[in-house]
Amino acid sequence: MSFNCRFAPSPTGPLHIGGVRTALFNWLLAKKNKGKYFLRIEDTDKERSKEEFKKQIISSLAWLGIEHEGEEYIQSKNISKHVTVAEDLIKKGFAYACYCSEEEINEQKEKCKKQGIPYVYNRKWRDAKDLQIPKDIQPVIRFKSKISGNTIIKDLVQGERNISNSTIEDFVILRKDKSPTYQLSATVDDHEMKITHVIRGDDHMINSFKQKQIYDAMGWEVPKFAHIPLIHSEKGKKLSKRDNASTINDYIKIGIIPEALRNYLLRLGWSYKDKEIFNLKESIDLFDFQGIGKSPSKLDMSRILSINETYLKMTEDKTLFNFLKEYVSNFKEPIDKAKETILMKSMKFLKNKAKTLEDIWENAQYIIKEKIVINSEDIKLIDDLSKKIIRDFVTEYEKISSLTREALEPVIKSLIEKHKTNFKGVGQPLRIALVGSKFGPGLYDVILSLDKEEVLKRLKLII
RNA sequence: GGUCCCAUCGUCUAUCGGUUAGGACACAUGGUUUUCAUCCAUGAAAGAGGGGUUCGAUUCCCCUUGGGACCGCCA
């Protein structure tokens, strides 16, 4: 059996994390089922659709490694086809022109509101042969929705869903300017693209009932539906663009790496036994509809950070360094070429104390910055004894021909003995002089990561 | 308000009638360490409430409560 699915965002704002997850689920399922995953840009809202958002959506997905089959499908290019289908529906008696003015509709809505009953279009023009057609009104085309009976959708995630047809109104498929609405366009395109599985957010449930009627009316094969629960913000509401940290860019900005976000999103609302970390292959092999939960899940920043931390540690130094380079070039000041070699070598220990690329960058400031700034609290810790220790260290350090940890250890040890102190007594002043803070990477890592002249320069500066 | 849906630690979740209700994140405590971290160990932490069904319910059914989605000539 073939498996074609799609992700169909509208370019009316930056893609948020919920959309990304929907795309991920689609993509994973396509891979697993050896099917195809398409990207369709639903830009039929001319007012709000923006080219920049389209680009942002595509680049966000690419960043995560979600690649669609072929070119992205631009919905607006297929409008004439949508209109043809609408005309076809009219011919077949499944749609009709509605000449209600906007005022008339609004009046109805007001009236319903006052009476406290739900507004449903009153189907005035559904079978209105003897009604006088107003000359000054451009009609909309409405779909002749079923009045009685029930519609059942066997949802791959939600299970069997049953709705009374009477609750679905005669929805508009062509606006007064003859442009198609979402319900029509999406259905026609899904059919034309031979989509077999429509996997989308739970908020589309009702649309599936409407769209199924269009499929049936046209005599088209109805695809399988899967409605995945939405992601909620920390406030417990459907995620919106206004929630902070909801767009992909918010995560890229703080230095989350793609693999980590992919893993986080995968496990948000889906699970496989007790497994938490899934590499790409495992995600594809193990992902399925069955493991998707039915209730919405909340975004948890500390979890994202934790998974990112895990991935940072698992990532090879070279790869991680490239991530860092890309990150820095996008969000921070450029790094001196000469420092890059040192940074590359330092990845192996820098990654052990960071949750994000930004953390790595911050912890690497002592390498990146030409001049280190010692904060005023820490400078106080450099007393006369400290200076004496640093001086002694300099003397010994200068003598070392090949700088290794093995060569440094005896030096430090002898200083501890000589000054009757402990590691901290020796280590802290050195770290402050070299890093500018009493916090930082391991002392040996620090000393070995910097050039010999740089170490001497910094140490001499303080004594 | 109407329609539909959901309900296990704070969070993500496991359990597909019988478990000391498991794991992960976060949190707390202790240990290792070279500071901060890491790492290791330990701990606290959950079946919303009420009825059924059953020998036995977190699990199946109903009600209540709580939460959510939808209700556009937006998608």
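Every chain is numbered from 1, with letters handed out A, B, ... down the list of sequences. None of these values were measured; they are calculated from a predicted model.
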In A:Lys353, A:Lys351, A:Lys355, the residue satisfying side chain to side chain donor-acceptor pair (under 3.5 Å) with A:Glu309 is A:Lys355
Between B:C9 and B:U15, how far is it from one C1' atom to the other, in whole Å?
-> 15 Å
Ranking A:Gly440 and A:Arg161 by the position along RNA chain B of their nearest nucleotide, the one closer to 5' is A:Arg161
Rounding to a whole Å, what distance do you find between A:Asp155:CG and B:A69:P?
-> 18 Å
B:U11, B:A37, B:C6: which one has an atom nearest the side-chain heavy atoms of A:Lys353?
-> B:A37
Who is the Watson-Crick or G-U wobble partner of B:A44, with both distances under 3.5 Å?
-> none
Identity of whatever pairs with B:A37 - Watson-Crick or G-U, under 3.5 angstrom = none
Base, sugar-phosphate, or nothing for A:Ile206, non-hydrogen atoms under 4.0 angstrom?
-> sugar-phosphate
Using the P atoms only, state how far B:G10 lies from B:A48, rounded to an integer number of Å.
-> 11 Å
May I ask you to verify whether the side chain of A:Arg431 and the base of B:U34 hold a donor-acceptor pair under 3.5 Å?
-> yes
State which residue, out of A:Val198, A:Thr187, A:Asn4, A:Ile199, fulfils the side-chain contact (heavy atoms from CB on, under 4.5 Å) condition with A:Pro223.
-> A:Val198
Are the ring centres of A:Tyr96 and A:Trp125 closer than 6.0 Å?
-> no
Taking only side-chain nitrogens and oxygens of A:Thr181, does any of them come within less than 4.0 Å of OP1 or OP2 of B:C73?
-> no
Report yes if a donor N or O on one partner sits less than 3.5 Å from an acceptor N or O on the other, where the partners are the side chain of A:Asp300 and the base of B:A26; otherwise report no.
-> no
Could you tell me whether A:Val140 contacts a base, only the sugar-phosphate backbone, or nothing, with contacts defined as non-hydrogen atoms closer than 4.0 Å?
-> base
Assess the side chains of A:Tyr73 and A:Asn78: does a donor N or O sit below 3.5 Å from an acceptor N or O?
-> yes
Under 4.0 Å between any heavy atoms, over every strand shown, what does A:His227 touch: base, sugar-phosphate, or nothing? Just pick one.
-> nothing
Interatomic distance where CZ belongs to A:Phe289 and P belongs to B:C16 [whole Å] = 23 Å
Toward the 5' end of RNA chain B, by each residue's nearest nucleotide, A:Phe439 or A:Asp43 = A:Phe439
Tell me whether the centres of the aromatic rings in A:Phe25 and A:His197 are closer together than 6.0 Å.
-> no
Looking at every strand, decide which applies to A:Glu102 at a 4.0 Å heavy-atom threshold: base, sugar-phosphate, or nothing.
-> base
Under 4.0 Å between any heavy atoms, over every strand shown, what does A:Gly269 touch: base, sugar-phosphate, or nothing? Just pick one.
-> sugar-phosphate
May I ask you to say what A:Asn207 touches in the nucleic acid, namely base, sugar-phosphate or nothing, with a heavy-atom cut-off under 4.0 Å?
-> base
B:G49 to B:U32 separation - P atoms, rounded to the nearest Å = 43 Å
A:Leu434 and side-chain contact (heavy atoms from CB on, under 4.5 Å): which partner among A:Ile372, A:Ile390, A:Val455?
-> A:Val455
Listed nucleotide nearest any side-chain atom of A:Arg267, set B:A26, B:C12, B:A69 = B:C12
Same-atom distance (P) from B:U11 to B:G47, integer angstrom = 12 Å
A:Gln428 near the nucleic acid: base, sugar-phosphate alone, or nothing, with a heavy-atom cut-off under 4.0 Å?
-> nothing
Using the P atom as the reference point in each nucleotide, state the distance between B:U58 and B:G22 in Å, no decimals.
-> 15 Å
Within the structure shown, what part of the strands sits under 4.0 Å from A:Ile307 by heavy-atom distance: base, sugar-phosphate, or nothing?
-> nothing
Which listed nucleotide (B:C73, B:A7, B:C70) is nearest to the side chain of A:Val172?
-> B:C73
Where the side chain of A:Asp45 is concerned, which of B:A37, B:C5, B:A75 is the nearest nucleotide?
-> B:A75
Regarding A:Gln138 and A:Asp177, is there a side-chain donor-to-acceptor distance under 3.5 Å anywhere?
-> no
Of all the nucleotides listed (B:U38, B:A75, B:G72), which has the minimum atom distance to the side chain of A:Gln183?
-> B:A75
Who does B:G18 pair with, Watson-Crick or G-U, both distances under 3.5 Å?
-> B:C55
OP1, OP2 of B:C73 versus side-chain N and O of A:Lys176: anything below 4.0 Å?
-> no
Heavy atoms under 4.0 Å, any strand shown: does A:Lys294 hit a base, just sugar-phosphate, or nothing?
-> sugar-phosphate
Whole-Å distance separating the CZ atom of A:Arg303 from the P atom of B:C9 = 15 Å
Should A:Arg123 and A:Ser145 be marked as a side-chain hydrogen bond (donor to acceptor under 3.5 Å, both in side chains) after you check the CA-CA gap, both sets of side-chain angles, and the distance that decides it?
-> CA-CA 10 Å; A:Arg123 309 187 204 246; A:Ser145 196; 5.0 Å; no
side-chain hydrogen bond (donor to acceptor under 3.5 Å, both in side chains) assessment of A:Lys424 paired with A:Gln428 = CA-CA 5 Å; A:Lys424 194 179 173 186; A:Gln428 193 171 67; 5.3 Å; no
Could you work out the separation of B:U59 and B:G51 based on their P atoms and round it to a whole Å?
-> 14 Å
Any A:Thr44 side-chain nitrogen or oxygen under 4.0 Å from OP1 or OP2 of B:A75 | yes
Should B:U3 form a Watson-Crick or G-U wobble pair with both distances under 3.5 Å, which nucleotide is its partner?
-> B:A69
Could you check whether A:Phe171 gets within reach of a base, just the sugar-phosphate, or nothing at all, counting any heavy atom under 4.0 Å?
-> nothing
Hey, does A:Gly236 reach any base, or is it just sugar-phosphate, or nothing, if we go heavy atoms under 4.0 Å?
-> sugar-phosphate
NA contact type, A:Pro229, heavy-atom cut-off 4.0 Å: base, sugar-phosphate, or nothing?
-> nothing
For atom C1', what is the distance between B:A14 and B:C25, given to the nearest Å?
-> 15 Å
Report yes if a side-chain nitrogen or oxygen of A:Lys237 is closer than 4.0 Å to either non-bridging phosphate oxygen (OP1 or OP2) of B:G68; otherwise report no.
-> yes
Among the nucleotides B:C36, B:C73, B:U3, which one has an atom lying closest to any side-chain atom of A:Thr167?
-> B:U3
Under the criterion salt bridge (Lys or Arg N to Asp or Glu O under 4.0 Å), which of A:Lys124, A:Lys144, A:Arg126 is the partner of A:Asp170?
-> A:Arg126
Could you check whether A:Arg21 gets within reach of a base, just the sugar-phosphate, or nothing at all, counting any heavy atom under 4.0 Å?
-> nothing
Against the side chain of A:Glu276, the closest entry in B:G23, B:A69, B:A75 is B:G23
Side-chain N or O of A:Arg48 less than 4.0 angstrom from OP1 or OP2 on B:G72?
-> no
Would you say A:Ser297 reaches B:U13's phosphate, i.e. side-chain N/O to OP1/OP2 under 4.0 Å?
-> yes
Pick the P atom in B:A57 and in B:A21, then give their distance to the nearest Å.
-> 15 Å
Looking at B:C70, B:A75, B:C25, which one has an atom nearest to any side-chain atom of A:Ser302?
-> B:C25
Minimum-distance nucleotide (side-chain atoms of A:Ile163 versus B:A69, B:U3, B:A7) | B:U3
Just compare B:C12, B:C70, B:U34 and give me whichever is closest to any side-chain atom of A:Phe423.
-> B:U34
Below 4.0 Å: OP1/OP2 of B:G22 and any side-chain N or O of A:Lys273 | no
